[in-house]
There are 2 protein chains.
Amino acid sequence: MSRVVLPHTAIPKYYQLATILQGKIEAGEWAPRSPIPSERQLETIYNVSRPTIRQSIEYLITQGLLYREHGRGTFVSPEKLQKGLRELTSFSEDLLARGMRPGQVIRSIERTVPPDSVLQRLELPPGSPVTRIDRIRLGDGAPIGLQVSYISLSPSQEITVQDMERAGSLYRILEEKFNLIPTEADETLEVALANREEASLLEINEGSPLLLSERLTFSQDRRPVEFVRILYRGDRYRYYTRLKR
Amino acid sequence: MSRVVLPHTAIPKYYQLATILQGKIEAGEWAPRSPIPSERQLETIYNVSRPTIRQSIEYLITQGLLYREHGRGTFVSPEKLQKGLRELTSFSEDLLARGMRPGQVIRSIERTVPPDSVLQRLELPPGSPVTRIDRIRLGDGAPIGLQVSYISLSPSQEITVQDMERAGSLYRILEEKFNLIPTEADETLEVALANREEASLLEINEGSPLLLSERLTFSQDRRPVEFVRILYRGDRYRYYTRLKR
DNA sequence: TGGACTAGCTGGTAATGACCACTTAACCAC
DNA sequence: GTGGTTAAGTGGTCATTACCAGCTAGTCCA
């Protein structure tokens, strides 16, 4: 006989504990900047070993919920810092987090050979076709950005408008359909001025200032999967990030 | 007798091991995307226990040098991703990392009461004086940004032009003189247009596009210590960041 | 009164042992 | 050949035990 499968049914203890602690923090049971019980206390309270406790705490520290001071204790982060690092998110998640209603107009989905500069970034040989998605992004119904994505897929891997409408997010399609999980990305930001076409699509004047974002996204095996260029309306978009060291 | 002091003389094993591994990676001994020895192998090679091995590897993963795949192994990151997360750095460090020669013109250092919006961000009561430093930032000798810092210091804590010239970096002064270690920051970026004064100082035309960065920096105990506003010349500055999830 | 010491907290590092979950490739039966 | 099984490798989780290092408050002595 082989082993019973039951994958994922057993949630790791450290994760369960982290969830409990997170609950107490978010419920306000432990005030910001106040210490949580010491690791030895948590050991007896929850009847788990100290390494497990520490693993939970380290997880919550990376999430930005806690911080440690050697010799003093472990403390709850002030609320402003509890949002965690700037995370790799899709446009939809990003906008939702800002309290805006995301939307999009898909202008085209096609197989095409992109400029060489894009192929180099995607580490593909010259002449390779990729999937190109051209969209207008909406915030609360009004244009907020122009987005062009180049996705490194084989000819047999196809994305349809139906996929996009069903999943709602490109990243969900990549994960569920192709097992490509975006885990890391390089992003640059600079200012640009709207040309006539961009101005028209964004419903602003020609020459208006824009925020230009270029992002190269890597999957779980650290291969580039997507290069995306977004032109944001300067008057409707601010970029937010959290830095740590 | 009390204990012999010798603090810091013993570098942790996991850190020593991490340094060794990092050396091998940077020397090209292990190629990008190729697996490093398994944790059990490293255990015998270096004669340290597996938890310590894992701690070393986890450290190098946060640094962006390695990544793991469950059931397959631990791999060297492709070179492009080895630079690690966007880190909380001073302007000087930032520019050096870009291969430019940083410089500055200190326009003023003074004790003053800043606008209420700044005091709120610094979590100080209305009317509180703070230290304000107004600088022109130079890249390779030419203006690249206008920077105004508001630093939350008590009246007895003074920063002088001499301090600035000696230490070279505000963050070094905060660390060495006041034991305030910047560990985390919130930053927003948006576009702006140069007014007459800004244009003159940056040696550009009025109305030229600028990148506006506003940053609130927190010290090791998660209290706000500095609010800084930087106006970058749009034609000379790109913002770079690394995202993970 | 004031400063040094110290005890008892805190988190930080480390070794040992065990078992689970995932991946791969070799194997074997069909 | 094809397809399922299996074994051996990988990282992932967890308990136990021990000691080190930084911080703080109380104590004790000058």
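Letters A, B, ... mirror the listed sequences (proteins, then strands); counts begin at 1.
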Student: For residues 18-30 of chain B, dump all side-chain donor-acceptor pairs below 3.5 Å to protein atoms at least two apart in sequence or in another chain.
Tutor:
residue	atom	partner	partner atom	Å
B:Thr19	OG1	B:Tyr15	O	2.8
B:Gln22	NE2	B:Glu26	OE2	3.1
B:Lys24	NZ	B:Glu29	OE2	3.1

Student: Going by side-chain hydrogen bond (donor to acceptor under 3.5 Å, both in side chains), name the residues that satisfy it together with B:Gln220, two or more places apart in sequence or in a different chain.
Tutor: none
Student: In terms of side-chain geometry, is the basic nitrogen of A:Arg229 or A:Glu214 positioned less than 4.0 Å from the acidic oxygen of its partner?
Tutor: yes
Student: Within this structure, what is the CG-to-P distance between A:Leu66 and C:dT10, rounded to whole angstrom?
Tutor: 16 Å
Student: Could you state the CG-C1' distance from A:Leu17 to D:dT13, rounded to the nearest angstrom?
Tutor: 14 Å
Student: Look at the rings of B:Phe75 and B:Tyr67 and say which category their plane angle falls in: under 30° parallel, 30 to 60° tilted, over 60° perpendicular.
Tutor: parallel
Student: Can you work out whether A:His70 or B:Lys13 has the more 5'-proximal nearest nucleotide on DNA chain C?
Tutor: A:His70
Student: So do A:Ile151 and A:Leu170 actually touch side chain to side chain, heavy atoms under 4.5 Å?
Tutor: yes
Student: Which comes earlier along DNA chain D counting from the 5' end, the contact point of A:Pro12 or that of A:Glu43, where each point is its nearest nucleotide?
Tutor: A:Pro12
Student: When the distance from CD of A:Gln220 to P of C:dC22 is rounded to whole Å, what number comes out?
Tutor: 15 Å
Student: A side-chain contact here means heavy atoms from C-beta on lying under 4.5 Å apart; do B:Ile181 and B:Leu174 qualify?
Tutor: no
Student: For a quick test of reading the model: is some side-chain N or O of A:Arg72 closer than 4.0 Å to OP1 or OP2 of D:dT24?
Tutor: yes
Student: Would you check if B:Ile230 and B:Arg135 make a side-chain contact, meaning some heavy-atom pair closer than 4.5 Å?
Tutor: no
Student: Counting only heavy atoms and a strict 4.0 angstrom limit, can you tell me which residues of residues 46-59 of chain A come near DNA chain D?
Tutor: A:Val48, A:Ser49, A:Arg50, A:Pro51, A:Thr52, A:Gln55
Student: Which whole-number value in Å describes the distance from A:Glu69 CD to D:dT24 C1'?
Tutor: 13 Å
Student: Just the rounded figure in Å: distance from P of C:dG11 to CG of A:Leu60.
Tutor: 14 Å
Student: In whole angstrom, what separates B:Tyr14's OH from C:dG11's C1'?
Tutor: 12 Å
Student: Is B:Lys177 reaching over with its side chain to a backbone N or O of B:Glu158, donor-acceptor style, under 3.5 angstrom?
Tutor: yes
Student: Could you check if a side-chain atom of B:Tyr171 sits within less than 4.5 angstrom of a side-chain atom of B:Glu226, using non-hydrogen atoms only?
Tutor: yes
Student: Report each atom pair, protein N/O against N/O of nucleotides 3-5 of chain D, whose distance is under 3.5 angstrom.
Tutor:
none

Student: In whole Å, I'd like the distance from the CG atom of B:Asn179 to the C1' atom of D:dC23.
Tutor: 13 Å
Student: Within residues 31-42 of chain A, find the residues that approach DNA chain C with a heavy atom at under 4.0 Å, and present them sorted by residue number.
Tutor: A:Ser38, A:Glu39, A:Arg40, A:Gln41
Student: Which whole-number value in Å describes the distance from B:Arg68 CZ to C:dT23 C1'?
Tutor: 16 Å
Student: Using the side-chain hydrogen bond (donor to acceptor under 3.5 Å, both in side chains) criterion, which residues pair with B:Gln120? Sequence neighbours excluded.
Tutor: none
Student: Under a 4.0 Å N-O cut-off, is there an ion pair linking A:Arg223 with A:Glu123?
Tutor: no
